[in-house]
Amino acid sequence: MAENRIEKIKRELHPFDKEFKDRLEKYIAQGDYREITPDDIERLKWYGIFYRRATPGLFMLRIRVTAGVLNYRQALKLAEISRKYAKGVIEITSRQQVQIRHIELKHIGQILKELNSVGLTTLQTGADNVRNIVGDPLAGLALESEIDTVPLAYGMTDTILGKKEYADLPRKFNPAILGSKRDSINALYNDFVLYLAEKDGVKGFNLHIGGKMGSGGPEKAIDVDIFVSPSEVIEIFRAVVEIYRDFGNRENRNKNRIYFLLKEWGIEKFRKAVERKLKRALPSAGKVLVHSRGERKGIIPQREKGLYAVLFSLPAGKISSEDFRGLALLSKNYGNGELRLTTYQNVYIVNVKENKIRQLLMEPLYEKFEKSGGDWIVNTVACAGSDTCHFGVIENKSDAVRVARYLKERINLDIPIRIHWSACAKGCGQHGCGDIGLVGTKIRERGRAVLAVEVFVGGNHSVPAKKVGKVPLKGLEYRLEKLLRFYMNHRQRGESFFHFVHRVGIKRLKKFFGGGKTPVLKP
């Protein structure tokens, strides 16, 4: 069997082996990033420590935030770390995590200790590991929340965290658990998905496997016809991870996600493998209960009468450490000291009493973010770009904010449109599930290479977006404005952009992105 470089690195010395742990302590004590070997740069990713060539000599830390739930002390600590050891900027990721960049190697040991002191970790947030378990940010709180999945997400995390037997997968493994009737996390584009369902009067989950964004393009997870009760979640999760670990492709890293194993085996063989692991037959899938999608915005009533969640929309998920500290203080003063991070890179303050809502909305920090871009910012997702990630082709976050603010001034929407930006084909911005998806690339124009985007349209929580063209980044906002005016002028009453795209057809919409004359439809 051919062995790729990462498999060779793990075989020669696994990052969890004592020898590498000792090396890591030595590297941090020396404080010289140039002493770290290329292979050890890869091993650092098991600890959530990322060297980025785009920021020479500096590192990024990715902090695991299970299900997006942060308490007051944790939020204050993150703000403090960003202020003391970095450039005072915090990023919320599309997996409900936190990233802090521009960190010197000599500070990493102290930062890890400080994170641990408040119950946070960077462990296994990169490389061939089970990544952060995402869930409805208002799980257990929102009216649509049928099962509080936060305790289940913590249980799933405890199963794999720090354990070598679950830290040697063929590739990354993204899990999602959705216990709400609203899919606000694009759940079906994860490797492992538990999707709210009901069978024989019991609420639980249908199991879907193989969703992805990169590795050849977006694919929706496949229903493997298994119903999972809440009490079975941990063992089912463990069984699937072990099957992937033991049988997944370890050769071509572009084709070794669990999606490819499922396509090779088929649903029936995969299902039987899970049953053999558990030593029992499993029930077939139940009735899906999910009926809506997208980020909740504004002031959201919670299940407990008189309590509300309030959304703070962050431009492309970036926020200063000072403002993040301000959010923590607001959560303490107005709520129960808890923040909920979203896959759309926004933040909720939760458990706000009704008689405090008006005062919270008058806070300068709320007004600041409310004016930053409205619905266009709320529904924009953007991963790190070329200024901080060497994989990025375009700057991305600044592009996303610029376009969102341009559209805010020109297009008044009554139905939200979700725009997802990925700085490169790896798809960290989840472009495949957006109403509009954009992927950084380059094209030749008049004999020279220019920054560009591949444009996708018509994606949602269950249908991957389709490519309609590749155009220069410069002037993209004008093309999008024309596309959206075309939608506004020719849609049917109450028709969403998603349904409009699939009614009109991809072929016609290609005209907006270099495919010929702009199309004309009869009203």
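Numbers for residues simply follow the sequence, beginning at 1. Please read these numbers as outputs of a predicted model, since none were measured by experiment.
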Take the angle between the ring planes of [X] and [Y] and call it parallel below 30°, perpendicular above 60°, tilted in between.
{"X": "Y195", "Y": "H208", "result": "perpendicular"}
{"X": "F173", "Y": "F192", "result": "tilted"}
{"X": "H431", "Y": "F456", "result": "tilted"}

Does one side chain, of [X] or [Y], offer a donor that lies under 3.5 Å from an acceptor on the other?
{"X": "Y344", "Y": "N379", "result": "no"}
{"X": "Q97", "Y": "R62", "result": "no"}
{"X": "E114", "Y": "Y85", "result": "yes"}
{"X": "E295", "Y": "T342", "result": "yes"}
{"X": "N351", "Y": "Q302", "result": "yes"}
{"X": "N190", "Y": "R95", "result": "yes"}
{"X": "E395", "Y": "S398", "result": "yes"}
{"X": "E338", "Y": "Y348", "result": "no"}
{"X": "Y406", "Y": "E481", "result": "yes"}

Looking at [X] and [Y], would you say the former's side chain and the latter's main chain have a donor-acceptor pair under 3.5 Å?
{"X": "T388", "Y": "A384", "answer": "no"}
{"X": "N333", "Y": "L329", "answer": "yes"}
{"X": "T125", "Y": "T122", "answer": "yes"}
{"X": "K212", "Y": "G217", "answer": "yes"}
{"X": "N129", "Y": "G126", "answer": "yes"}
{"X": "R340", "Y": "I349", "answer": "no"}
{"X": "R293", "Y": "H461", "answer": "no"}
{"X": "R303", "Y": "L141", "answer": "no"}

Is it the case that over 12 heavy atoms from other parts of the model lie below 6.0 angstrom from the [atom1] atom of [X]?
{"X": "K466", "atom1": "NZ", "answer": "no"}
{"X": "H499", "atom1": "NE2", "answer": "no"}
{"X": "D414", "atom1": "CG", "answer": "yes"}
{"X": "K220", "atom1": "NZ", "answer": "no"}
{"X": "E367", "atom1": "CD", "answer": "yes"}

Distance in Å, [X] [atom1] paired with [Y] [atom2], rounded so as to fall on 0.5 Å steps:
{"X": "L143", "Y": "E304", "atom1": "CG", "atom2": "CD", "answer": "12.0 Å"}
{"X": "L105", "Y": "I36", "atom1": "CG", "atom2": "CD1", "answer": "5.0 Å"}
{"X": "L76", "Y": "R325", "atom1": "CG", "atom2": "CZ", "answer": "6.0 Å"}

Pair D323-K368, salt bridge (Lys or Arg N to Asp or Glu O under 4.0 Å): steps then yes or no: CA-CA 10 Å; D323 285 346; K368 174 181 179 178; 2.4 Å; yes
Aromatic ring proximity Y366/F312, centre distance under 6.0 Å: yes
is_close_aromatic(Y47, F16), centroid dist under 6.0 Å: yes
Member of K397, R101, Q345 meeting the side-chain hydrogen bond (donor to acceptor under 3.5 Å, both in side chains) criterion with E91: R101
Pair E322-R83, salt bridge (Lys or Arg N to Asp or Glu O under 4.0 Å): steps then yes or no: CA-CA 8 Å; E322 179 183 357; R83 178 183 59 80; over 6 Å; no
T149 and its side-chain contact (heavy atoms from CB on, under 4.5 Å) partner, picked from V134, I133, L194, I177: I177
Over-ring placement of K332 relative to Y72, 6.0 Å and 45° cut-offs: yes
